[in-house]
Amino acid sequence: QVQLVESGGGSVQAGGSLRLSCAASGVTLTYNTMGWYRQAPGKQRELVASITTLRSTNYADSVKGRFTISRDTAKNTVYLQMNSLKPDDTGVYYCNRITNFWAWGQGTQVTVSS
């Protein structure tokens with residue numbers, strides 16, 4: 001059974017940074033294109049960053065140049081480095097693959113104050 005555990009969220013002021021982690025059990029993340037998703041209050045969950053098995057990355061326009069997705073094969077973990085955070089980045093962040101979703105984890109809350 002696949003289990004995804006997100007961590008690293010918190011409350012920061014605008015301009016601050018956070019590093020999110022997504023650890024997995026029951027699956028090898030390296031063999032999947034992985035994504036970080038954000039669900040803002042009252043909005044649908046959206047894909048903000050993805051990384052392929054060959055480490056090619058893609059970003060939503062809203063986070064391009066500020067967020068960096070990476071993966072550590074040995075730790076079976078995917079990261080999201082978030083810099084220059086804005087209040088609009090507030091939300092619950094989840095990781096999952098980009099198709100045929102596994103069960104969603106609990107997510108990690110990110111709150112950015114102005």
Side-chain angles (χ1 to χ4, degrees):
Q1 183 176 354
V2 176
Q3 185 175 15
L4 301 170
V5 179
E6 301 91 350
S7 62
S11 296
V12 297
Q13 290 191 327
S17 297
L18 288 171
R19 187 193 194 205
L20 307 184
S21 298
C22 168
S25 59
V27 67
T28 302
L29 297 184
T30 302
Y31 301 143
N32 295 274
T33 294
M34 293 297 298
W36 278 100
Y37 300 79
R38 173 172 70 200
Q39 187 162 21
K43 296 186 177 181
Q44 288 189 333
R45 193 172 296 169
E46 61 171 339
L47 177 66
V48 297
S50 63
I51 184 166
T52 71
T53 56
L54 297 180
R55 300 180 186 268
S56 176
T57 59
N58 199 21
Y59 300 94
D61 288 343
S62 60
V63 307
K64 201 169 292 183
R66 300 187 298 119
F67 289 12
T68 302
I69 188 171
S70 61
R71 65 199 313 161
D72 186 323
T73 300
K75 295 183 178 180
N76 204 29
T77 298
V78 177
Y79 302 99
L80 186 68
Q81 177 67 43
M82 306 188 297
N83 299 327
S84 302
L85 282 162
K86 304 176 180 180
D88 283 349
D89 295 320
T90 294
V92 181
Y93 285 71
Y94 303 86
C95 67
N96 212 316
R97 57 184 177 180
I98 63 168
T99 60
N100 298 321
F101 299 136
W102 297 309
W104 294 91
Q106 83 288 350
T108 187
Q109 174 71 46
V110 172
T111 302
V112 185
S113 57
S114 57

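One-based numbering along the sequence shown.
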Parallel, tilted or perpendicular: rings of Phe101 and Tyr37 (30°, 60°)
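Answer is perpendicular, since the angle exceeds 60°.
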
How about [X] and [Y]: do any of their side-chain heavy atoms sit closer than 4.5 Å?
X	Y	answer
Val78	Leu20	no
Trp36	Tyr94	no
Leu80	Thr68	no
Val92	Thr108	no
Met82	Val12	no

Within residues 21-38 or reaching into it, pairs that qualify as salt bridge (Lys or Arg N to Asp or Glu O under 4.0 Å) - sequence neighbours excluded:
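Checked against salt bridge (Lys or Arg N to Asp or Glu O under 4.0 Å) - neighbours excluded - the pairs reaching residues 21-38 are Arg38-Glu46, Arg38-Asp89.
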
Exam field: side chain Ser21 to backbone Tyr79, donor-acceptor pair closer than 3.5 Å
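Not a single qualifying donor-acceptor pair exists.
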
Ignoring hydrogens and geometry, is there a side-chain-to-backbone donor-acceptor pair from Thr28 to Thr30 under 3.5 Å?
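Absent.
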
Distance, nearest 0.5 Å, that separates [atom1] of [X] from [atom2] of [Y]:
X	Y	atom1	atom2	result
Leu4	Gln106	CG	CD	9.5 Å
Leu85	Phe67	CG	CZ	5.0 Å
Gln109	Glu6	CD	CD	12.5 Å
Leu29	Asn76	CG	CG	4.0 Å
Thr33	Arg55	OG1	CZ	12.5 Å
Ser114	Asp88	OG	CG	10.5 Å

Without hydrogens or angle criteria, can the side chains of Arg71 and Thr53 be said to hold a donor-acceptor pair below 3.5 Å?
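No.
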
Going by atom types only, do Asp72 and Thr77 share a side-chain donor-acceptor pair under 3.5 Å?
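Thr77 and Asp72 do not have a side-chain donor-acceptor pair below 3.5 Å.
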
What do the steps show when you test Asn58 against Ser50 for side chain to side chain contact (heavy atoms under 4.5 Å, CB included), and what is the final call?
CA-CA 5 Å; Asn58 199 21; Ser50 63; 3.6 Å; yes

How close do Ser17 and Asn83 get, counting heavy atoms only, and between which atoms?
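Closest heavy-atom pair between Ser17 and Asn83: OG-OD1, 3.0 Å.
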
Apply side chain to side chain contact (heavy atoms under 4.5 Å, CB included) to the pair Arg45 and Trp104, showing each step before the final yes or no.
CA-CA 12 Å; Arg45 193 172 296 169; Trp104 294 91; 2.7 Å; yes

Report, as yes or no, whether the 6.0 Å neighbourhood of atom NZ on Lys75 holds more than 12 heavy atoms from other residues, nucleotides or ligands.
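For Lys75, atom NZ is not crowded (no more than 12 foreign heavy atoms under 6.0 Å).
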
Establish whether Val110 and Tyr59 are linked, either directly or via other cluster members, by ILVMFWY side-chain heavy-atom contacts under 4.5 Å.
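Val110 clusters together with Tyr59.
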
Please answer: with hydrophobic residues joined when any side-chain heavy atoms are less than 4.5 Å apart, are Ile98 and Tyr93 in the same cluster?
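Each belongs to a different hydrophobic cluster.
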
